Amino acid sequence: MGKYHFNEIEAKWQKHWAENQTFKAENDSNKPKYYVLDMFPYPSGAGLHVGHPLGYIASDIYARYKRHQGYNVLHPQGYDSFGLPAEQYAIQTGQHPAKTTEENIARYREQLDKIGFSFDWSREVRTSNPEYYKWTQWIFIQLFESWYDKDLNKARSIEELRAIFSSEGNVHINAVCDEGIAHFTASEWLGFLETEKQEILLKYRLTYLAETEVNWCPQLGTVLANDEIVNGVSERGGYPVVRKKMKQWSMRITAYAQRLLDGLDKIDWPQPLKDSQTNWIGRSKGATVTFKVENVPSSAVEKSYSIDVFTTRPDTIFGVSFMTLAPEHDLVSKITTAEQKEAVEKYVEATAKRSERERMADVKTITGVFTGAYAEHPFTKEPLPIWIGDYVLAGYGTGAVMSVPCGDQRDYDFAKHFNLPIPNIFKDADISEEAYSDKENTIITNSDFLNDLNYSEATDKIIAALEEKGIGKGKINYRLRDAVFSRQRYWGEPFPIYYKDGMPHVIPTECLPLRLPEVEKYLPTEEGEPPLGRADDWAWDVEKLSVVSCELIDHKTVFPLELNTMPGWAGSSWYFFRYMEDEKRDEVFASKEALNYWKNVDLYIGGSEHATGHLLYSRFWVKFMHDRGLVPVDEPFKKLINQGMILGESAFVGRYSGYFKISVFNIEEVEIQREPLLKDNPIMELISEKAELFVSLKMQDELKILQEKAKIIALENFNNKLEQASKPSFKTEIRIEFLNAQLDLIHSDVSFVNNSNELDIEAFKNWREEYKNAEFITEEDGTFKVSREVEKMSKSKYNVVNPDDICNQYGADTLRMYEMFLGPLEQAKPWNTAGITGVHGFLKKLWKLYHSASPNPSEGGEQEFIVSEDNASKESLKTLHKTIKKTQEDIENFSFNTSVSSFMIAVNELSAEKCNSREVLEPLAILISPYAPHIAEELWEKLGHSESISTAPFPKFEEKYLVESTKEYPISFNGKMRFTLELPLDISKEEIESAVMAHEKTAQYLEGRTPKKVIIVPGKIVNIVG
RNA sequence: GCUCGAGUGGCGGAAUUGGUAGACGCGCUGGAUUCAAAAUCCAGUUCUUUCGGGAGUGUGGGUUCGAUUCCCACCUCGAGUACCA
């Protein structure tokens, strides 16, 4: 073998690596550890396109580099295999989602294997495997058995909470829990029934059951989390989402809001990603204030109510002129007066019906209604009318605001719209057009004891006053909501929960996994229960400790099981720990030894779309697991890199569709059933069907040609129709008149188009039935050209490029290098297959470097492998060491595109130098091996090594080979480079100056002037000013 | 609207601390080799020019001997977010 037969080489090494488990990570090693992870792929039915492996290639290069650096590298891969698409497919086809998931995974694996990744497949995980979700359920139970102690600022066991309740009741408990839990003493607690105790405990658990306002998606038949909704419609499928109250499992992630925020400072993540988590958590500092509702004689119940509000501007409290409640606010029905009842109820009903999307679509329309009730200003005692309005969100703060129209634009707009007073409490502020919301330059006035104070002084003073009066206090508020954890779906983890007396109970951990039951259909039941409601055997027998038939439910020993399943993020919130364990997977989710050895993920690569989903939830779970002593770390991913999207270059075929008026005349005047047919009146007039014609790019402006051609098609179609019908018995003439036309561009599959944008017309015709007989107008040279446009790579745009095809045609090493060569990892960039020949040519050149220049007849006419043991030239060594330095720096900065360039430069230089010495070529193979591992292994073997190149030590950079004695100085005049001058590096500034001044070109550029100044930076530049 | 990021040849992009703008690759042009094609190799390729030179990194200003790089204002594109009190 002498030519670069990449297909053979790659198949050979992929087989070798698999058979020898070359990349198996050791849990017991003297080497330092390094953990490189890719974001969990969901195995979709469409398979991989060239955009998907981008991040995997980058992480693989880094993993291989770290192995060369002497690290014990963990670089695993697996599948986030529960999820909506498989279930939607199951609903449509009746196929079990496990089956399609299996098939999709097989296809993914096949594609991944072709690219030559150094994954340790022995540690693969799949979230839908019972052996895996057993532990997801187990972690859920840990959450259920935990509560959050605000004083210790960590999660603790529920057993400890019970102990506290038994000894001192709940009065001194400072926990993150439901609102409005009644106080009880220890003896009261001990007197409660078990069901009552469970009811109370549920309000403290980190995962709890509650009636919540959720995002219901009727088309998907499930609720969605906030991060699963994009622009008011579902992320998957784009279906509308409405608000609905449902009993749901929730996760008390809000307990961790501050720690999730603080933790961001400790991790090396891209700033935009941190920003979006910061915004999502949405911390704001302010105060809660309680407003008393004035007793209204005509209201339904005569009782004293109060409204709590949260405000970030307590300093503006003297500017309050009314109160606004969210329509969903509990108090609305209680305080509304009889006169306003009808209007209020109508309004509440109307807003409930509006979907999220509608609400978002019209932010501008101001709506609201007066309740008839008044609140009392806590300081001035003025009555404040209480309104409801849907600009106040039920889910944020307390669902009520103190409206300060002079300082808040929304309050201002509302006040203007309903003619409410707008008192001004800002000194020298103009509020005639809009609210004055500047915090920094504000001086408060008309505000009693706050007069003449600025924002921060006034805020401190008012909070002190509120606290003294006991009607408010300083408070930090978060936008982050508790995460809804129930999904009304089949293809997810079952909750290890059964219901006794309406209270949830966990099934014993030794009975896990609680396996997903079989159902005959994947749809909700007629009663609207989730698909698990269709299972025959879905009840828990507490004596037999097993799942039994639903018919046996007696609520004494056999109880119904939970029908919801967990959301997609359950399994992906802890999977990175599972990879750490390789032997004791049956006993633990991951052993202490494994967790302590691998700690956290050192490098995590994936897309930025998971910013507020997976990446927030997994941080939450890890912090929780850390609190409960389950893992030693409190952040999962130390360093994170977002890879940019690879975009597709869609191909567009021009389609001209013209319409004609076709009129049929008879030529002879004949009588048909006594009706004379007259020559000059048409016997028939019709508008032609669209005459479709495909037009090559440069012909698209040739309207005359297009019209002519389209006319022929229209006529042909007409004649065919006429022939199929009965032919008239008289002579006819057809006249045709052009009406109008349009040219549109339609997607063609990019596989029909070559690198010169020429369409394979035959392939295009065979693509669709309706194109079979289509007509094509080509360029003058007979080719048909398409236009190109960069779009997202997607099946529906027919611009998907398959990595398998690239591997077959150019090889995996070429694919890997080219993906890196396209541009910076983090940036979005278009894929253009045409450019791939450059890196492919580079690999061929690299191969040649290790082989004889001319074919050797004794080698069957092929080039012979030739590497000499002679010393390399000075230039070659310089090339090598320059490349070592650059490659190392580039990999460490994740600048993979530039190191591919530097390899090209190195190979170009070494080829020119005719270098073939082992001293240079051996280290060169190692340098390139992270990028192009197959060719590197092959050359390594030819160089006489029997061990894999993958653990060969990375070449050591030595400065001495780069030391120069002279420098080609750029000589600038007023900052413009004019010529260069080679000078020794060891001469003084003065010597440089005299050498430059003595140069003939200097005089030429000075044109007789005397320089004002000569700037000399030794080793860099010379700049002459004047 | 707010937050963040980015604007450099025909294209993807390079220039790591302010120091020769356009590395490397694609494409294009010309040439060698070949019966021919593929492959390979060589030369050229920012624009403009009266062939001396001149202009040039989104726009306008500033700092500097010197700015793609730093500062100010603006324009355009992309991403995220969306009444958060």
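Everything numeric here is computed off the predicted structure, so don't read it as measured data. In what follows, every chain begins at residue 1, and chains take the letters A, B, ... in the order their sequences are listed.
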Provide a list of protein-nucleic acid N or O atom pairs under 3.5 angstrom, restricted to nucleotides 37-39 of chain B.
none

Within the sub-3.5 Å range, which N or O atoms of nucleotides 3-10 of chain B have a protein N or O partner, and how far apart are they?
none

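For Asn477(A), no side-chain nitrogen or oxygen approaches OP1 or OP2 of A85(B) to under 4.0 Å.
Note on Val401(A): a base of the nucleic acid sits closer than 4.0 angstrom, heavy atoms only. Contacts of Ser972(A) with the nucleic acid, taken as non-hydrogen atoms under 4.0 Å apart, are absent. Contacts of Asn908(A) with the nucleic acid, taken as non-hydrogen atoms under 4.0 Å apart, involve only primed sugar atoms and P, OP1 or OP2. Nucleic acid contact class of Thr837(A) (heavy atoms, under 4.0 Å, all strands): sugar-phosphate only. Using a 4.0 Å heavy-atom cutoff across all strands shown, Arg283(A) reaches no nucleic acid atom at all.
Judged as a side chain to side chain donor-acceptor pair (under 3.5 Å), the pairs with a partner in residues 830-843 of chain A (not counting sequence neighbours) are, in order, Thr814(A)-His840(A), Trp831(A)-Thr833(A).
Of the candidate nucleotides G19(B), G12(B), U20(B), G19(B) has the atom lying nearest to any side-chain atom of Asn1023(A). Minimum atom distance to the side chain of Arg479(A) is reached by U81(B), of the listed U81(B), C26(B), G19(B).
Residue Trp387(A) contributes atom CH2, which lies 22 Å from atom P of C83(B) at whole-angstrom precision. The CG-P distance, from Asp408(A) to A85(B), rounds to 9 Å in whole Å.
The stretch residues 885-896 of chain A touches RNA chain B through Lys886(A), Glu889(A), Asp890(A), each having a heavy atom under 4.0 angstrom from the strand.
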Would you be so kind as to tabulate the donor-acceptor pairs closer than 3.5 Å made by side chains of residues 307-315 of chain A, with sequence neighbours excluded?
residue, atom, partner, partner atom, Å
Asp308(A), OD1, Thr290(A), OG1, 2.8
Thr311(A), OG1, Arg313(A), N, 2.9
Arg313(A), NE, Asp315(A), OD1, 3.1
Arg313(A), NE, Asp315(A), OD2, 3.4
Arg313(A), NH2, Asp315(A), OD2, 3.1

(Q) I'd like to compare against my own output: the B/S/- annotation of nucleotides 41-47 of chain B with a strict under-4.0 Å heavy-atom distance to protein. (A) S------
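Between Phe418(A) and Phe414(A), the ring-plane angle classifies as tilted under the 30° and 60° cut-offs.
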